There are 2 protein chains.
Amino acid sequence: MPVTIKDVAKLANVSPSTVSRVIADHPKISDETKKKVFEAMQKLNYYPNAIARSLANKSTKTLGLILPNAEEDLFINPFFIQAMRGISVYAQKKGYYIMYTYSNNENEEIDFIKNYIYSKWVDGIILLTARENDRCIEYLKDNEKYPFVVVGRPEKSDGILWVDNNNFKAMYDVVNYLINKGHRDIAFIGGPHTLNVTRDRLDGYLRALKVHGISVDEKLIYEQVDFTEMKGYEAMMEILDYKEPSAVVTTDDLIAFGVLKAIKEKAANKIAVVGFNNTPLAEYQQPKLTSVDIKAEELGYYAAKLLIGKLENEDIGTNHYIIDTELIERESTL
Amino acid sequence: MPVTIKDVAKLANVSPSTVSRVIADHPKISDETKKKVFEAMQKLNYYPNAIARSLANKSTKTLGLILPNAEEDLFINPFFIQAMRGISVYAQKKGYYIMYTYSNNENEEIDFIKNYIYSKWVDGIILLTARENDRCIEYLKDNEKYPFVVVGRPEKSDGILWVDNNNFKAMYDVVNYLINKGHRDIAFIGGPHTLNVTRDRLDGYLRALKVHGISVDEKLIYEQVDFTEMKGYEAMMEILDYKEPSAVVTTDDLIAFGVLKAIKEKAANKIAVVGFNNTPLAEYQQPKLTSVDIKAEELGYYAAKLLIGKLENEDIGTNHYIIDTELIERESTL
DNA sequence: GTGAAAGCGCTAACAG
DNA sequence: CTGTTAGCGCTTTCAC
């Protein structure tokens, strides 16, 4: 028999609503009664029933997370667990709870989203992956007009909350860094062109070359269909058949691993390589791989901040946050 | 204005209680009314309000997960994300939701547990780490008598639900495998002796030697305070100062990485090395590291199964599951 | 088989 | 500032 607000009210000699107001930290309540109530709560070891509050408030203070199941690098790339931690840190700070669910595909994701929304479990949703033409985003935006935030800038970002790195700048800086080290023949190997991140990073690459007056060699640019070691390897092998660049930038560590492998097999000279995401594996490559840390935990943290801000009607004055990346220099660019 | 059970009732020309019974799949309800109700639900696009159900049922069909924040290898070792996926898979199957929270230390963990329990958010709790003398386990067992399950066998396991690998057997098999390959001087480097897993694995090691009539050399046995590359390196360096074993077994990949490093620096002959946990990094070592896959996803899956079984009063007839490990052979033992 | 009514524990007008 | 009252949406006795 758990203790309820009524028990507290009785002991403190006030009405249930007064207790309720104390819980909610309502402004106009005398310090005296506040104290009385707190004492009663203490004595009875009272905890508010969150479910009952949620029902009355029509708000659960809970965020729903949708995790992709299919991602190849779910386990290799600690992105998700890091982002989840960042989300948790901010949510805790604001007294929010988090639910998560894995989905196997886009359809399932939509089902889960529907379920979260219609069953009233969550107040808002965090999407941890921005696919191209993401049906979930579309669904949430158009059909439901439900509060949500996307990690990764969506194609059409107007009216949508999102957080992302500045992928243009991140790659621009990388290439700039290489150029300053004297590199001129710099190859680019990225993921599918359909992804925002690939395009942004490619643009950063192109811009850096342009700024330094280095002409672009299309044969040094590859956009693969997957972020896999194999694809990186294949692209690099083709590049090496054409010519030996002095440096290679990639949009994912896995691609970079493949590049390193190809270089070991085939290249005569030392070629600088830069990865992306700074996965734990980067440090274990030979040579240790220089990589761009995308700060997944911060991405999660600010995603939660954006969403909770919206839920609480704070006027944050922005619909997105840009998280700075950090280049982690290792042997592969020395 | 969301659609409620009343709206459905009105449209179907029945009472709310009838609709409720249909939702709960109550036995004595005529097929005819059932159909009527379903149609009405369809037409109105009705979804039951989970919060209201939870309040009335005094059950949320939600499991609470406590994740440690401090674990060094939280990001390197995909254990947690894999276990979380396993939990999610089973929970989804049974219509359960999952909440998670990160804690920074044992005290915080207890606070979070209390919060989950008292606020009535969750029906049961999953602990993803079994520390020695775990206060959370104690608390849950003694103070709360709350349904929970532990991943990792607790010290006193009576009356507690848990899942774990058979660590004794896993290590026994590893050592046996090495002996069958002709190894005789086999070193053991483990984590702290206070942990169940270390002791179990050590026992497996000792037993295998004994069965084959190989005498134990205490100087080849190390139990380090941490599962870190550094500790593995240090232990291996000391071992090599003493003598060159022909093989080394460890209780964690990170330790094994340190061992490989020490061997590279110092050993004259090839020494076989086996890791534990089969982290993604294992495949990227030089040589590629043979390691024991502990099947984290299955651990999570069965943890959820055990807990949900208890919540639904199914008599599973056991308070634990033992998950088989799998030796992943790679270059380091060839 | 089905309906009426009370209640799960809390909140929020509305009064005072 | 505080109490009264009527819900939030669903479940569940208890009748019929």
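Because the structure is a prediction, the values reported are computed rather than measured. Sequence lines set the chain letters: A, B, ... in the order given, protein chains first and strands last, and positions in each chain run from 1. Just the heavy atoms: all of them, side chains too, but no hydrogens, waters or symmetry mates, feed the values below.
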**Student:** Is the B:Tyr321 ring parallel, tilted or perpendicular to the B:Tyr302 ring (thresholds 30°, 60°)?
**Tutor:** tilted
**Student:** Are any non-hydrogen side-chain atoms of B:Val151 and B:Leu127 less than 4.5 angstrom apart?
**Tutor:** no
**Student:** Taking only residues at least two apart or on different chains, which pairs with a member in residues 313-323 of chain A satisfy salt bridge (Lys or Arg N to Asp or Glu O under 4.0 Å)?
**Tutor:** A:Lys94-A:Glu314
**Student:** Listing time: all N or O pairs from protein to nucleotides 9-13 of chain D that are below 3.5 Å?
**Tutor:**
residue: D:dG9; atom: OP1; partner: A:Lys58; partner atom: NZ; Å: 2.8
residue: D:dC10; atom: OP1; partner: B:Tyr46; partner atom: OH; Å: 2.4
residue: D:dC10; atom: OP1; partner: B:Asn49; partner atom: N; Å: 3.1
residue: D:dC10; atom: OP2; partner: B:Ile5; partner atom: N; Å: 2.5
residue: D:dT11; atom: OP1; partner: B:Arg53; partner atom: NE; Å: 2.7
residue: D:dT11; atom: OP1; partner: B:Arg53; partner atom: NH2; Å: 3.3
residue: D:dT11; atom: OP2; partner: B:Ser20; partner atom: OG; Å: 2.6
residue: D:dT11; atom: O5'; partner: B:Ser20; partner atom: OG; Å: 3.4
residue: D:dT11; atom: O3'; partner: B:Asn57; partner atom: OD1; Å: 3.4

**Student:** Applying side-chain hydrogen bond (donor to acceptor under 3.5 Å, both in side chains), which residue pairs with at least one partner in residues 31-52 of chain A are found, sequence neighbours left out?
**Tutor:** A:Ser30-A:Thr33
**Student:** Would you call the rings of B:Trp121 and A:Trp121 parallel, tilted or perpendicular, where under 30° means parallel and over 60° means perpendicular?
**Tutor:** tilted
**Student:** Can you check whether A:Phe112 reaches A:Ile125 side chain to side chain, under 4.5 Å on heavy atoms?
**Tutor:** no
**Student:** Considering all heavy atoms of both residues, which atom of A:Lys114 and which atom of A:Tyr139 are nearest to each other, and what is their separation?
**Tutor:** CG-OH, 3.0 Å
**Student:** Without decimals, in angstroms, what is the distance between A:Lys10 NZ and D:dT4 C1'?
**Tutor:** 16 Å
**Student:** Give B:Ser54 one of three labels, base, sugar-phosphate or nothing, depending on what nucleic acid heavy atoms sit under 4.0 Å from its own.
**Tutor:** nothing
**Student:** Given side chains that start at C-beta, do those of B:Val122 and B:Tyr146 come closer than 4.5 Å, heavy atoms only?
**Tutor:** yes
**Student:** From the options B:Lys93, B:Arg85, B:Lys295, select the one residue that forms a side-chain hydrogen bond (donor to acceptor under 3.5 Å, both in side chains) with B:Tyr301.
**Tutor:** B:Lys93
**Student:** Walk along DNA chain C from 5' to 3' and tell me the first and last nucleotide with an atom closer than 4.0 Å to a non-hydrogen atom of chain A.
**Tutor:** C:dG9 to C:dA13
**Student:** Between the two end axes of the helix from C:dG1-D:dC16 to C:dG16-D:dC1, each built from 5 base pairs, what angle do you get to the nearest 10°?
**Tutor:** 30°
**Student:** Quick one: which residue pairs count as a side-chain hydrogen bond (donor to acceptor under 3.5 Å, both in side chains) with a foot in residues 53-65 of chain A, not counting sequence neighbours?
**Tutor:** A:Ser59-A:Asp123, A:Thr60-A:Asp123
